[in-house]
Trainee: 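What follows is a structure written as C-alpha cells; I'll ask about it next.
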Amino acid sequence: IEKGCNTYINTNTRRQEGSSRTIENEMTDILNLGKIFNIEDKAQEIVDNMQTKIDAALEASKNQKSQNVLIVEFLGNDISNYGENSLGGDMVKSLGGNLVAKSQSKLGKEDIVSLNPDVIYVVYMPYSGDDPQKVKQENLDKLLKDESFKSLDAVKNGRVVPLMLGDMYASGVRTANGIETISQGLYPSLNK
C-alpha cells in the first residue's frame with residue numbers, strides 16, 4: 001500500500017480477536033471483488049447461488065431432528081477441530097446442524113468417542129502433484145480404519161464425509177462447494 005499498490009485481503013483470513021469466520025464475510029468479499037473488477041452481476045449471481053443452496057438445506061431440515069456434527073482435520077498426531085468461529089463451523093450452523101465441539105481447537109480420540117456425532121466431516125487438502133482421491137481416502141481412513149472410532153454412530157451409519165479444506169477455509173467462490181458438501185452430509189435426501 002505504501003508503494004501505491006491497492007490490496008484486498010479476504011475478510012476471513014484477517015480475523016480479529018473475538019470475531020468469527022462466516023459465510024456472510026465470504027459473500028461480502030465476493031460482492032466487493034465484483035465492484036473492484038466491475039463484474040457486479042457475476043458476483044451477485046455467485047452469492048445468490050450460495051444462498052439458494054443454504055435455503056434448500058434449511059428446507060430439507062424442517063422436519064428432521066438437528067444433526068450433531070464434528071469437523072476434524074488429522075495433522076500428524078493432532079486432531080484439529082473446526083468450531084463455531086471457523087467458516088466450516090458457520091456453514092454447519094447456517095445449514096441447521098449442531099456443532100458438538102464448539103470451542104475446542106484440538107480433540108483427542110476419547111473426546112470424539114464421547115461426543116459421538118451423527119455426522120463427521122474429515123478435512124483434506126491435495127496439493128500440486130498429489131492424487132486427490134488418494135489424499136482424500138488416506139484422510140478418511142485415519143478415522144474409518146482406526147479401531148478407536150468403530151463405535152461412533154457416524155462411522156456405523158456411513159456418515160463420515162470428506163470436506164476439502166479449500167471449500168471451507170477462506171474459500172471465496174468455492175464456498176458454494178463447501179455449502180453443498182456440508183448440506184449433503186447433513187441431509188442425504190438432498191443427494192437424490
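The shown structure was predicted, so the numbers you read here are calculated from the model rather than taken from an experiment.
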Trainee: Give a yes or no on whether the backbone of Gly185 and the side-chain of Arg159 come within a donor-acceptor separation of less than 3.5 Å.
Mentor: yes

Trainee: Work out which heavy atom in Met91 is nearest to a heavy atom in Asp167; give both atom names and the distance.
Mentor: CE-O, 3.4 Å

Trainee: Looking at side-chain heavy atoms only, is the closest gap between Leu31 and Thr28 below 4.5 Å?
Mentor: no

Trainee: Could you check whether atom CD of Glu40 has more than 12 heavy atoms from other residues, nucleotides or ligands sitting under 6.0 Å from it?
Mentor: yes

Trainee: Let me check something: do Met168 and Ile30 share a hydrophobic cluster, defined by ILVMFWY side-chain heavy atoms less than 4.5 Å apart, either directly or through other members?
Mentor: yes

Trainee: If we count only N and O atoms by modelled type, under 3.5 Å, do the side chains of Asp55 and Gln51 hold a donor and an acceptor together?
Mentor: yes

Trainee: Does some side-chain heavy atom of Val113 sit less than 4.5 Å from a side-chain heavy atom of Ser151?
Mentor: yes

Trainee: Are Leu87 and Tyr121 connected, step by step, through hydrophobic side chains (Ile, Leu, Val, Met, Phe, Trp, Tyr) whose heavy atoms are closer than 4.5 Å?
Mentor: yes

Trainee: More than 12 heavy atoms of other residues, nucleotides or ligands under 6.0 Å from CZ of Phe37: is that the case?
Mentor: no

Trainee: Does any donor atom in the side chain of Asp29 or Thr11 lie under 3.5 Å from an acceptor atom in the other side chain?
Mentor: yes

Trainee: Hydrophobic clusters here meaning ILVMFWY residues chained together by side-chain heavy-atom distances under 4.5 Å, can you tell me if Val160 and Val135 are in one?
Mentor: no

Trainee: Report yes if some heavy atom in the side chain of Val47 is under 4.5 Å from a heavy atom in the side chain of Glu26; otherwise report no.
Mentor: no

Trainee: If you compare all heavy atoms of Gly34 against all heavy atoms of Ala43, which two are closest, and at what distance to 0.1 Å?
Mentor: CA-CB, 3.7 Å

Trainee: Could you state whether Val69 and Phe149 fall into the same hydrophobic cluster, counting links through intermediate Ile, Leu, Val, Met, Phe, Trp or Tyr residues with side-chain heavy atoms under 4.5 angstrom apart?
Mentor: no

Trainee: Under 3.5 Å, side chain of Asp130 to main-chain N/O of Pro132, donor-acceptor pair present?
Mentor: no

Trainee: Does atom NZ (Lys109) have a neighbourhood of more than 12 heavy atoms from anything else shown, all under 6.0 Å?
Mentor: no

Trainee: Using only atom types and a distance under 3.5 Å, with no angle test, would you say the side chain of Asp90 pairs donor to acceptor with the backbone of Arg21?
Mentor: no

Trainee: Checking the side chain of Ser86 only, and the main-chain atoms of Gly83 only, is there a donor and an acceptor separated by less than 3.5 Å?
Mentor: yes

Trainee: Keeping Asp146 on the side-chain end and Ser148 on the backbone end, is there a donor-acceptor pair under 3.5 Å?
Mentor: yes

Trainee: Do Asp111 and Gln104 have side chains that approach each other closer than 4.5 Å (heavy atoms only, starting at C-beta)?
Mentor: no

Trainee: If we ignore hydrogens and angles and just use 3.5 Å, is the side chain of Asn68 paired with the main-chain N or O of Asn116 as donor and acceptor?
Mentor: no

Trainee: Would you indicate whether the side-chain heavy atoms of Arg174 and Met164 approach each other to under 4.5 Å?
Mentor: no

Trainee: Determine the minimum heavy-atom distance between Met50 and Ile179, stating which atoms define it.
Mentor: CB-CD1, 4.0 Å

Trainee: Decide if atom NZ of Lys42 counts as having more than 12 heavy atoms of other residues, nucleotides or ligands within a radius under 6.0 Å.
Mentor: no

Trainee: Closest heavy-atom contact between Pro117 and Leu70?
Mentor: CG-CB, 3.8 Å

Trainee: Are Tyr169 and Val92 grouped together when hydrophobic residues (ILVMFWY) are joined by side-chain heavy atoms under 4.5 angstrom apart?
Mentor: yes

Trainee: Heavy-atom count check: over 12 atoms from other residues, nucleotides or ligands less than 6.0 Å from Lys65 NZ?
Mentor: yes

Trainee: Between Lys93 and Glu84, what is the shortest heavy-atom contact and its length?
Mentor: NZ-O, 3.2 Å

Trainee: Testing the basics here: between Leu95 and Lys53, what is the closest heavy-atom pair and its distance to 0.1 Å?
Mentor: CD2-O, 4.5 Å

Trainee: Under a 4.5 Å cut-off applied to non-hydrogen side-chain atoms, are Lys142 and Val122 in contact?
Mentor: no

Trainee: For residues Asp141 and Phe74, determine if any side-chain heavy atom of one lies less than 4.5 Å from a side-chain heavy atom of the other.
Mentor: no

